There are 2 protein chains.
Amino acid sequence: MVEGPRFQPVQPVRAYQRIVEQVEEALARGDLTPGQRLPSERELVTQFAVSRSTVREALRVLESNGVVRSRPGDPNGPEILPFSSVALRKQVVRLARVDQLTLAELISFRMIMDGAAIQVASRLRTPEQLAELEGTLVAMQNAIDVDFAAFSEADLTFHDVIARIARNSLIETCNEVVRGVVLSLISDKIAHAPNSRALMLESLQHHAEVVEAIRAGDGHAAARIARQNMYDYYAGYVPEGERDALRALTD
Amino acid sequence: MVEGPRFQPVQPVRAYQRIVEQVEEALARGDLTPGQRLPSERELVTQFAVSRSTVREALRVLESNGVVRSRPGDPNGPEILPFSSVALRKQVVRLARVDQLTLAELISFRMIMDGAAIQVASRLRTPEQLAELEGTLVAMQNAIDVDFAAFSEADLTFHDVIARIARNSLIETCNEVVRGVVLSLISDKIAHAPNSRALMLESLQHHAEVVEAIRAGDGHAAARIARQNMYDYYAGYVPEGERDALRALTD
DNA sequence: CCTAGTCCACTGGTCAGACCAGTCACAGCT
DNA sequence: AGCTGTGACTGGTCTGACCAGTGGACTAGG
């Protein structure tokens, strides 16, 4: 046995994979943009010089990744979709299931991200953005009289505005994803909360405190308040033994 | 036009999708565990009572989601894979490309997560875990004399240990994912850093400071040091105008 | 008895061709 | 001009076929 170069294991590349790669590359290069259409399957067959089965396998993969959408009968062909976080959320949900992700971990994650976004936002915010933030408070106020879903919607907007002020769309997407996963985990418990109006009022009060701290420019205080609020809001759903990690974030 | 019940728009469910759902449900229920094998495609054809094309489309989707792997010729059939973050990373990479995710946002994300994990870890750590953390420092020390890849590996271990002490595998996975994306963005620039030995020594020193703060139980100090370190390490790659958001985290 | 080599049933990858139900654009009618 | 019916095309699914690989069973040699 002579000492030779270290070889890499080689696995066969399937035809449908090279089609997926070509489409994704075109997307990355900008040759393909959301809203545009792919040629029909039968047309792709001639362009890629493979059979329709192969083209279809590639399309199914792209579709499951949220890149395209095929509709039967549509003469325009498969549509290139704008990015959406559903595919990302799907992966996180899978992670949550397989990795036995606990609610505590998810809440902890939200406390971290939300606190940090608020901290950054209280430094970067312009007066106009502060006014916008106060506007969302008013919207939340009004939504209380409608129903819990409306309030929840307004709350989501609040956090989106925060993430935008912090100039971090990654945080925005993360919040969206994790929020979706958390809601799917506790939705049954929270749906018919007995005193939801009181909850909403309390939540509104907390948000107002956060905005006040942001106005004062005290990022650490704003973040601390926000984390404390989220702790108070969710701790009831978290088993006793797992709350330590959450409390470590509320100092 | 009478006032009727509100109907939901209906989109056709394709056969391959219901196969995917069945497999994922079996996985969630625990009827299917990593390492197990699926029946062969031709066997699945009879079980699901569909054609092989349909079975194959389902398998391609599952494969692209990192759930199974098919190998030609394997008489045991497709293999159920353990969870891996590659599919998750794929989605984040797509997000980075399509959403024009900036390096600043990614670094910011890592500063936030890393700081928070360290803050939690400094409260929850046991004496044994502190010793383990110091052990990784020694490993980093030794790796300096090997090469940069070894040092990078040891550094990764350090952060994994932190995440484990903080009892948050979600943070662990996020770090892994974002780290991979960041490296792919700046790998060309960092590969032949002229004075990499000096960089490694400096990085080791910083890690030691963090461990010291963890030993003292000062979570805020540990987090601040860690974030400052990461800022120093990466700020050079971030455009001038985007550093504000990073500095807001180093107060 | 155990080992080493051969062989073949079966695997997944790909292809070709067919049928169906659905959609949309357009021609022709009112 | 507005409406409507039609038909060319779409994607969804099925059938059946071929090929190159894999790995277990079987066999020949120790």
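Just so you know, these numbers come straight off a predicted model, no measurement behind them. Numbers restart at 1 for each chain; the letters A, B, ... are given by sequence-line order, proteins then strands.
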S.K.: In whole Å, I'd like the distance from the CD atom of A/Gln11 to the P atom of D/dT22.
M.R.: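 It works out to 13 Å between those atoms.
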S.K.: Scan A/Arg71 against the nucleic acid and name what it touches under 4.0 Å (heavy atoms): base, sugar-phosphate only, or nothing.
M.R.: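 Result for A/Arg71 = sugar-phosphate.
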S.K.: For B/Arg37, report the nucleic acid contact type (base, sugar-phosphate, nothing); a contact means any heavy atom under 4.0 Å.
M.R.: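 Result for B/Arg37 = nothing.
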S.K.: Classify A/Pro12 by what it touches in the nucleic acid, base, sugar-phosphate, or nothing, heavy-atom distance under 4.0 Å.
M.R.: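 Contact class for A/Pro12: none.
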S.K.: Between C1' on D/dT15 and CZ on B/Arg42, what's the gap in Å once rounded to a whole number?
M.R.: 13 Å
S.K.: In whole angstrom, give the distance that lies between atom CD of A/Glu79 and atom P of D/dT10.
M.R.: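 Atom-to-atom, A/Glu79 to D/dT10, this comes out as 17 Å.
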S.K.: Mapping A/Ala49 and A/Asp74 onto DNA chain C by nearest heavy atom, which one lands closer to the 5' end?
M.R.: A/Ala49
S.K.: With heavy-atom distances below 4.5 Å as the criterion, would you say the side chains of A/Ser64 and B/Gln17 are in contact?
M.R.: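 Of all side-chain heavy-atom pairs linking B/Gln17 with A/Ser64, none is under 4.5 Å.
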S.K.: Distance check: side-chain N/O of A/Ser40 vs OP1/OP2 of D/dC9, anything under 4.0 Å?
M.R.: no
S.K.: Is A/Ser53 touching bases, backbone alone, or none of the nucleic acid, heavy atoms closer than 4.0 Å?
M.R.: base
S.K.: Please report the distance, rounded to the nearest Å, between CG in A/Asn76 and C1' in D/dC9.
M.R.: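 Going from CG in A/Asn76 over to C1' in D/dC9 covers 11 Å.
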S.K.: Evaluate side chain to side chain donor-acceptor pair (under 3.5 Å) for B/Ser40 paired with B/Glu43, printing each intermediate quantity in order.
M.R.: CA-CA 5 Å; B/Ser40 75; B/Glu43 172 63 27; 5.7 Å; no
S.K.: Heavy-atom nearest nucleotide on DNA chain C for B/Pro78 versus A/Thr54: which residue maps closer to 5'?
M.R.: B/Pro78
S.K.: Would you mind reporting whether A/Val161 and A/Gln129 have side-chain heavy atoms less than 4.5 Å apart?
M.R.: no
S.K.: Does a side-chain N-to-carboxylate-O contact under 4.0 Å join B/Glu21 and B/Arg18?
M.R.: no
S.K.: Can you give the first and last nucleotides of DNA chain C, 5' to 3', that have an atom under 4.0 Å from a heavy atom of chain A?
M.R.: C/dG13 to C/dC24
S.K.: Main chain of B/Pro239, side chain of B/Glu242: is a donor-acceptor contact present, judged purely on distance under 3.5 Å?
M.R.: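 No: the side chain of B/Glu242 does not pair with the backbone of B/Pro239.
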S.K.: Could A/Glu132 and A/Arg164 be called an ion pair, given the rule that one side-chain N must be under 4.0 Å from one carboxylate O?
M.R.: yes
S.K.: Select base, sugar-phosphate, or nothing to describe what A/Arg69 touches, counting heavy atoms under 4.0 Å on all strands.
M.R.: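 Answer is nothing: A/Arg69 stays at 4.0 Å or more from every strand.
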S.K.: Quick one: are B/Glu79 and B/Asp74 in side-chain contact, heavy atoms under 4.5 Å?
M.R.: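 No, every pair of side-chain atoms sits at 4.5 Å or beyond.
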S.K.: Taking atom C1' of D/dT13 as reference, at what distance in whole Å does atom CZ of B/Arg56 sit?
M.R.: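 Atom CZ in B/Arg56 sits about 15 Å away from atom C1' in D/dT13.
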